[in-house]
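Keep in mind the model is a prediction, meaning the values are calculated, not measured. Proteins get letters first, then strands, A, B, ... in listed order; numbering begins at 1 in each.
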Amino acid sequence: GENVEQHPSTLSVQEGDSAVIKCTYSDSASNYFPWYKQELGKGPQLIIDIRSNVGEKKDQRIAVTLNKTAKHFSLHITETQPEDSAVYFCAASQAGTALIFGKGTTLSVSS
Amino acid sequence: ETGVTQTPRHLVMGMTNKKSLKCEQHLGHNAMYWYKQSAKKPLELMFVYSLEERVENNSVPSRFSPECPNSSHLFLHLHTLQPEDSALYLCASSQVGGTGPLHFGNGTRLTVT
């Protein structure tokens, strides 16, 4: 079955800096890769996703890149703000299967 | 405001109690899920219901019993739990068929004493 590895487990940046979180997956059949943000006391919320027919997707300060050959994908947050502080999860799946999640990255943005 | 509502938000129960967690989705989805979230571990998929039929049960102990009476409601019945079952239990929903995002509720924080 699918296995998703996520790094780093914790990340501290200064406000205004960029943050990058990386994930690798094992099943080459996976074709859907979402990223979730979880704030304290809340459930994970989808922030961006990418499908395997696309190499990059951007939404304002957030971007995701996908390298199918190497089986890894990354989340990029530019111009970080204190409200970006949260736990971020990557996940992978293929059609008809449930999402498999990484262990999460705790991002701390200090002002 | 999430379209997936979970109650209660917090639950403390003894090992001999019987309790139920409730989830309701208002998104018109037809697949629902239970996940367990423990510290330092990935989100663990417990159960999947697709079109009100259970399609996946990831080796979850029988002290956890799911119920899906319709596509909008999902329950997790709990009995004779162990302290290691203390965790955040998350409900999610999605559309069946193909890949797509999950929409999560805010979870029930369960403590087993």
Side-chain angles (χ1 to χ4, degrees), chain A residues 1-10 21 23-27 29-54 57 59 62 64 66 68 73 86-106, chain B residues 1-10 21 23-25 27 29-51 53-60 74 87-109:
Chain A
E2 177 65 275
N3 182 50
V4 177
E5 299 284 339
Q6 183 172 347
H7 300 279
S9 57
T10 60
I21 303 170
C23 289
T24 60
Y25 60 99
S26 61
D27 190 343
S30 290
N31 57 6
Y32 176 64
F33 308 93
W35 285 89
Y36 286 82
K37 175 183 181 182
Q38 187 174 23
E39 297 174 323
L40 200 61
K42 295 186 177 181
Q45 300 296 311
L46 179 73
I47 55 171
I48 194 168
D49 57 9
I50 191 169
R51 299 184 187 273
S52 58
N53 58 345
V54 176
K57 184 176 179 181
D59 182 5
I62 294 174
V64 57
L66 172 64
K68 284 196 66 181
F73 55 113
V87 181
Y88 291 81
F89 294 94
C90 63
S93 73
Q94 55 180 290
T97 67
L99 285 172
I100 302 299
F101 287 85
K103 286 188 177 181
T105 296
T106 301
Chain B
E1 184 67 36
T2 177
V4 179
T5 303
Q6 289 187 245
T7 54
R9 289 299 311 274
H10 301 272
L21 310 185
C23 176
E24 184 174 358
Q25 60 95 3
L27 300 169
H29 291 161
N30 48 20
M32 297 188 77
Y33 309 75
W34 280 116
Y35 279 87
K36 177 183 179 182
Q37 186 174 34
S38 306
K40 310 292 184 185
K41 288 187 177 181
L43 285 158
E44 300 173 58
L45 179 64
M46 300 176 71
F47 300 104
V48 180
Y49 277 84
S50 174
L51 300 172
E53 286 191 19
R54 191 193 307 182
V55 297
E56 193 158 341
N57 173 355
N58 277 7
S59 303
V60 179
L74 184 66
L88 181 68
Y89 289 84
L90 290 161
C91 173
S93 69
S94 74
Q95 282 298 120
V96 171
T99 51
L102 292 180
H103 295 258
F104 284 91
N106 286 329
T108 294
R109 173 67 63 185

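For A:K68, there are no salt bridge (Lys or Arg N to Asp or Glu O under 4.0 Å) partners two or more places apart in sequence or in a different chain. Legend: residues meeting side-chain hydrogen bond (donor to acceptor under 3.5 Å, both in side chains) with A:E5, ordered by chain and number and at least two apart, are A:N3.
Across A:G104, A:G41, A:P34, the residue that shares the most heavy-atom pairs under 4.5 angstrom with chain B is A:G41. Ranked by heavy-atom pairs under 4.5 Å with chain A, the list B:L102, B:V48, B:L90 is led by B:L102.
The CD atom of A:Q45 lies 6.5 Å from the CG atom of B:N106; values are rounded to the nearest 0.5 Å. Atom CZ of B:F104 is separated from atom OH of A:Y36 by 5.5 Å, given to the nearest 0.5 angstrom.
Using a 4.5 Å cut-off between heavy atoms, A:L99 touches chain B through backbone and side chain atoms alike. In this structure, the portion of B:R9 lying under 4.5 Å from any heavy atom of chain A is its side chain and not its backbone. Contact annotation for B:Q6: neither backbone nor side-chain heavy atoms come within less than 4.5 Å of a heavy atom of chain A. When heavy atoms are compared at a cutoff of 4.5 Å, A:Q6 does not approach chain B at all.
Summarising the geometry of A:A98 relative to B:L45, their closest heavy-atom pair is CB-CD2, 3.3 Å, with the distance given to 0.1 Å. The shortest heavy-atom contact between A:P44 and B:L43 is CG-CD1, 4.3 Å.
A:F89 is not listed as a side-chain neighbour of B:P42, based on a closest heavy-atom distance of 4.5 Å or more.
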